[in-house]
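Everything on this sheet refers to the single structure shown next.
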2 protein chains.
Amino acid sequence: MNTSDRPGGTDADGLLAEQLLRLTRRLHRIQKRHLEPVGITPAQSRLLRTVAHFGEPPRMADLAARLEVVPRAVTSLVDGLEAGDRVRRVPDPSNRRVVRIELTDAGRATLRELRSARRAAAEDILAPLTVEQREVLEGLLSALVDPGPERGC
Amino acid sequence: MNTSDRPGGTDADGLLAEQLLRLTRRLHRIQKRHLEPVGITPAQSRLLRTVAHFGEPPRMADLAARLEVVPRAVTSLVDGLEAGDRVRRVPDPSNRRVVRIELTDAGRATLRELRSARRAAAEDILAPLTVEQREVLEGLLSALVDPGPERGC
DNA sequence: TCGGAGGTGTTCATACGGGAACAATATCAG
DNA sequence: CTGATATTGTTCCCGTATGAACACCTCCGA
């Protein structure tokens, strides 16, 4: 008898979580290697890209929301990037609580370097999959990640 | 001309990595919540299960290999579990370098509590997927994680 | 106007992982 | 037997993320 359609907690679910963890660690290692020559860390790279994708200099809270992390995490990342002169903390004149994050020229230069590094890293980890498989995988992950905040919390 | 079969580095690959990260963070949060009443952390839970799956008390290096982490990571986890009396470090008489990790009775009890918690956590994160989709997902992740030792380095 | 509710960012402690350096032990070559 | 080498586990430092406590600022209602 197989529980072929309804979810129900097969033992394989634990395995799935396991593989997810392993894979993410691998991804992190690979990204780290590829980003080393650029001089930033994977999370900083994500942050930098996120800053660039905003039209206007985003606030810390904007970045936290976009990256789906707590604001605390953003602070450290901005600290690191600011130390390397890739972003700048700019006070918001209209609300003295908020800090806006601006790209510097060096930051924009880093972004250009990043493109190929990110490509290579992604290719590195996704190598075993065909493009079709990647699309399927992305669909499944989207279903898991998006599903909206209707989950009791 | 679509690159419909060969990989080639579409921009979606970066998105895929992104979703993977998000999902894993979510998984970690969920596991943490479910394991709180048991009194251990997600990584400790993984370690405990791994210890149990060995026939004989494994060495630190065995655990590191099985979990695919560096030995350094195992040290901390064992520290935590030992502080809670769930495992015991036992010197190996035949080789004074190695430490063997034994489950205690409390550890075995914790393992029983863990089963339902892990189920619930997995179900929590996988809820949006049917069993078929989970199987597909697991297949894809396996292909990415396993991919065999033909990887350079 | 003033006083509290609530937003905004940052410090503190903790969990988890990786890399490098290191001490102790084992093993093997001469 | 002795000295080089390899294995095993551990300490040190860092990257990444969370949660709690906190300081500051805004803004609304009395």
Side-chain angles (χ1 to χ4, degrees), chain A residues 17 20-36 39-48 50 57-65 67-84 89-101 153, chain B residues 17-18 20-36 39-48 57-65 67-84 89-101 153:
Chain A
L20 210 54
L21 290 177
R22 278 205 234 278
L23 187 55
T24 304
R25 277 201 300 267
R26 253 180 52 142
L27 174 63
H28 190 260
R29 283 194 294 263
I30 289 176
Q31 284 183 338
K32 186 179 167 191
R33 259 208 311 279
H34 281 273
L35 289 176
E36 219 151 69
I40 65 175
T41 65
Q44 286 173 356
S45 153
R46 291 207 314 137
L47 184 74
L48 208 56
T50 307
R59 305 169 308 156
M60 302 292 279
D62 295 333
L63 294 169
L67 293 171
E68 282 183 26
V69 296
V70 295
R72 174 65 184 86
V74 181
T75 299
S76 312
L77 296 179
V78 170
D79 284 349
L81 287 172
E82 199 173 28
R89 262 181 250 242
V90 178
D92 185 323
S94 80
N95 186 341
R96 284 191 295 173
R97 287 171 301 182
V98 333
V99 180
R100 299 209 168 257
I101 308 303
C153 119
Chain B
E18 191 64 30
L20 209 56
L21 291 177
R22 279 206 235 276
L23 187 55
T24 303
R25 277 201 302 267
R26 250 178 57 140
L27 174 62
H28 191 260
R29 283 194 293 261
I30 288 176
Q31 284 183 339
K32 189 177 166 193
R33 258 207 313 278
H34 280 273
L35 289 176
E36 220 153 68
I40 65 176
T41 65
Q44 287 174 354
S45 154
R46 290 207 316 139
L47 184 75
L48 207 57
R59 305 169 309 157
M60 302 292 280
D62 295 332
L63 293 169
L67 293 170
E68 283 183 25
V69 295
V70 296
R72 172 67 186 84
V74 180
T75 299
S76 313
L77 296 180
V78 171
D79 284 349
L81 286 172
E82 200 173 27
R89 261 181 251 244
V90 178
D92 185 323
S94 78
N95 187 339
R96 283 192 296 173
R97 286 172 301 181
V98 333
V99 179
R100 298 207 170 260
I101 307 304
C153 148

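Residue numbering restarts at 1 for every chain, and letters A, B, ... go by the order of the sequence lines.
Within the 3.5 Å criterion, the main-chain N or O of D79(B) finds no donor-acceptor partner in the side chain of E82(B).
Closest of all the heavy-atom pairs between A43(B) and L77(B) is CB-CD2, 3.6 Å. Minimum heavy-atom separation, L63(B) to P58(B): CD2-CG, 3.7 Å.
Separating the CG atom of N95(B) from the P atom of dG9(D) is a distance of 8 Å, rounded to the nearest angstrom. Residue M60(A) contributes atom CE, which lies 17 Å from atom P of dC25(D) at whole-angstrom precision. Rounding to whole angstrom units, CG of residue L35(A) and P of dG19(C) are separated by 14 Å. Put simply, CZ on R89(A) is 17 Å from P on dC24(D), counting in whole angstrom units. The separation between R59(B) atom CZ and dT10(D) atom C1' is 16 Å, rounded to whole Å. Regarding E82(A), its CD atom lies at a distance of 13 Å from the C1' atom of dG9(C), rounded to whole Å. Atom CZ in R97(B) sits roughly 10 Å away from atom P in dT25(C) (whole-Å rounding). Rounded to a whole Å, the CG atom of L63(B) is 9 Å from the P atom of dG9(D).
Contacts of R100(B) with the nucleic acid, taken as non-hydrogen atoms under 4.0 Å apart, are absent.
Residues V99(A) and R59(A) fail the side-chain proximity criterion, which asks for heavy atoms closer than 4.5 Å.
Ion pairing of R46(A) with E18(B) is present here, as a side-chain N (NZ or NE/NH1/NH2) and a carboxylate O approach within less than 4.0 Å.
Looking only at atom types and distance, the side chain of S76(A) has a donor-acceptor partner in the side chain of R72(A) under 3.5 Å away.
At the phosphate of dG9(C), neither OP1 nor OP2 sits under 4.0 Å from any side-chain N or O atom of T75(A).
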N/O-N/O pairs, protein side and nucleotides 16-20 of chain D side, under 3.5 Å:
unit_1	atom_1	unit_2	atom_2	d
dT16(D)	OP1	T41(A)	OG1	2.8
dT16(D)	OP1	P42(A)	N	3.2
dT16(D)	OP1	A43(A)	N	3.0
dT16(D)	OP2	T41(A)	OG1	2.5
dA17(D)	OP1	R25(B)	NH1	2.8
dT18(D)	OP1	R29(B)	NH1	2.5
dT18(D)	OP2	V70(A)	N	2.8

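The 5' end of DNA chain C is approached more closely, in terms of each residue's nearest nucleotide, by A61(A) than by the other of A61(A) and I40(B).
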- [ ] Given side chain to side chain contact (heavy atoms under 4.5 Å, CB included), test H34(A) with Q31(A) step by step and report yes or no.
- [x] CA-CA 5 Å; H34(A) 281 273; Q31(A) 284 183 338; 5.9 Å; no
